[in-house]
2 protein chains.
Amino acid sequence: MDVKTVCLGMLTEGEASGYDLKKAFESSFGHCFAAGYGSIYPALASLAESGCVDCEEIAQDGKPDRKVYRITDKGWDMLLAELANPAPSHKVRSEFLAQMAFAHLMTPEQVQTVLDSRIEDADRNLKFIDEFENSCDCDWPAGVRFTLGFGRTMLHAMKTYVEENRHMFDDATTTTKKAAAR
Amino acid sequence: MDVKTVCLGMLTEGEASGYDLKKAFESSFGHCFAAGYGSIYPALASLAESGCVDCEEIAQDGKPDRKVYRITDKGWDMLLAELANPAPSHKVRSEFLAQMAFAHLMTPEQVQTVLDSRIEDADRNLKFIDEFENSCDCDWPAGVRFTLGFGRTMLHAMKTYVEENRHMFDDATTTTKKAAAR
DNA sequence: GACTTTATATATCGGACTGATAGTATGCAT
DNA sequence: ATGCATACTATCAGTCCGATATATAAAGTC
C-alpha cells in the first residue's frame, strides 16, 4: 500500500491528472496518507511504464499539456492484490512527542507554546474534516466515512489528552534540569 | 527534529553505542518515533563528522569493536536549537485507513480480517507500553510519562473506534460493488 | 553432543518518500 | 502594474525504511 496503490485506487473513481490526484490526497486522504508531487508524478510514470494505467496527453494552449491517466485491467489486478493485505500498517511519526520526551531540556514557556500549537493543529484538522464531510451532497462510501470518523475521533482524543495533561509540565523542578545536566 | 536530533537527545542521558540507541528507539520511542539501523548509523556518522558527538572505539575480543558516542558542547547547542521549534509535526501514515477507504473493492471477509488485525496490533502496543512503564523502578521524567500516556490514550481511542464502527461495513450493498465497478 | 534461537555489535544498499524549488500561463484583485 | 491565487507540469537533494550481511557468545532444547 504505497503511493502508487493509492493512486490506482483513486483512478477507480474515474480518470484524473497528477494535479487532480494531488487535490484528492489533500482532501480525502490528507489526515491519514499524505503525498506531494514528488511522490505522485514518479508514481504515475512508474504505473504507466508497467502498464497499470494508460496516459492520454491533452494539448492545451498556454498551459502545459494535461496528462490524463486511466486505470487498466492490469492496474485493477495490481490494486486488488494490494487490497488483499490482511495487516496494513498504521504508523505515527511524531516530532511533537519526541520533543516532549525532552521537555526537561526546554523552558516551561517553550513547552507550553508547543502544546498550544498542537491543540491549534488538531482544531485546524478537525475543522478541515468537518468541512470536507459537508462539502459534498453525494454520500461517500462506507469506507471513506469510516476514515473520516477515525480521523475525527483520534484528533479529538489527542486534543483532550493534551488539554487534560499539560499540567504534568507545571512542576517547577523541570525548569532547572537543563543547567544541572550540562 | 529528525533521527539525528533524537539520537542527540538520548545521548544526554549518557554515552551509548548505536546498538544501545536502537534499543532505546524500540522501547521508549517505539510508539511515536521509530528508527532502524539504516537511520541510526548514518545519523551517528554524520553527527561525529560535524563534531556534535565524540566517538570512542572500544576493542572487544571476538565481538566487533564497540563504538561509544558522547555528546559534545556543539551537540548540546544543536539539540537545544532543535528543541526551540515551536510547532513540531505529528504525522500519521496509515496504509490501514488508505485500504479502508477502498473497502468497497474488498470482500467483507477481507475487511473484517483487516479490522481484526488492527485491534490486535493496538492490543500489542498497549501491552508493550504497560510493560515498559512497569519495567523500571526509577520514574521517568514528566515528558516521557506524557508521551506514554499519549500513546495509550490514542491506541485506546483507536481500538474503541474500530470496535464501535466496524458495523459500518456490514451493509450488503458493499459486496457487489467490486464486480459492478469493473 | 548437536542445533537453534537470542543477544551483542557493526554496517550497507536499493527503493521510497519529503519538501523545496522551478517554469509557464490565466485571471482577479488592489 | 503588481502581486497573488489557481492550473499544470516536473525534478532534485536529502532523508528514511526494510532487508540483508557478518561474526561471536550464551543459553536453551532436542
B/Arg93 side-chain N/O to D/dC17 phosphate OP1/OP2 under 4.0 Å:
no

Applying side chain to side chain donor-acceptor pair (under 3.5 Å) to B/Asp54 and not counting sequence neighbours gives none

Rounded distance in Å - [atom1] ([X]) to [atom2] ([N]):
X: B/Lys91; N: D/dC16; atom1: NZ; atom2: P; result: 10 Å
X: B/Met1; N: D/dT15; atom1: CE; atom2: C1'; result: 16 Å
X: A/Glu56; N: D/dC8; atom1: CD; atom2: P; result: 15 Å
X: A/Leu44; N: C/dA16; atom1: CG; atom2: P; result: 14 Å
X: B/Ile58; N: C/dT8; atom1: CD1; atom2: P; result: 16 Å
X: A/Glu95; N: C/dG19; atom1: CD; atom2: C1'; result: 12 Å

Side-chain heavy atoms under 4.5 angstrom apart, residues restricted to Ile, Leu, Val, Met, Phe, Trp, Tyr: same cluster for B/Phe33 and B/Tyr19?
no

Verify same cluster id: B/Met168, B/Val162 (apolar side-chain graph, 4.5 Å):
yes

Taking the nucleotide of DNA chain C with the nearest heavy atom to each, does B/Val68 or A/Lys4 sit closer to the 5' end?
B/Val68

Heavy-atom nearest pair, A/Ile119 first then A/Glu163, reads CD1-CG, 3.7 Å

Quick check: closest heavy atoms across A/Ala43 and A/Lys4, and the distance to 0.1 Å?
CB-CG, 3.7 Å

To the side chain of A/Asp2, which of D/dA10, D/dT15, C/dC17 is closest?
C/dC17

Can a salt bridge be assigned to the pair B/Asp121 and B/Arg118 using a cut-off of 4.0 Å between side-chain N and carboxylate O?
yes

Please round to 10 degrees the angle between the axis of the first five pairs and the axis of the last five pairs in the helix from C/dG1-D/dC30 to C/dT30-D/dA1.
30°

Do A/Phe150 and A/His90 make the cut of ring centroids closer than 6.0 angstrom?
yes

With a 6.0 Å cut-off on the ring centroids, do A/Tyr161 and B/His156 count as close?
no

Answer with yes or no whether the side chains of B/Asp20 and B/Ser17 bring together a donor and an acceptor at under 3.5 Å.
yes

Proximity to DNA chain D (any heavy atom under 4.0 Å), residues of residues 17-42 of chain A only
A/Ser17, A/Gly18, A/Tyr19, A/Tyr37, A/Gly38, A/Tyr41

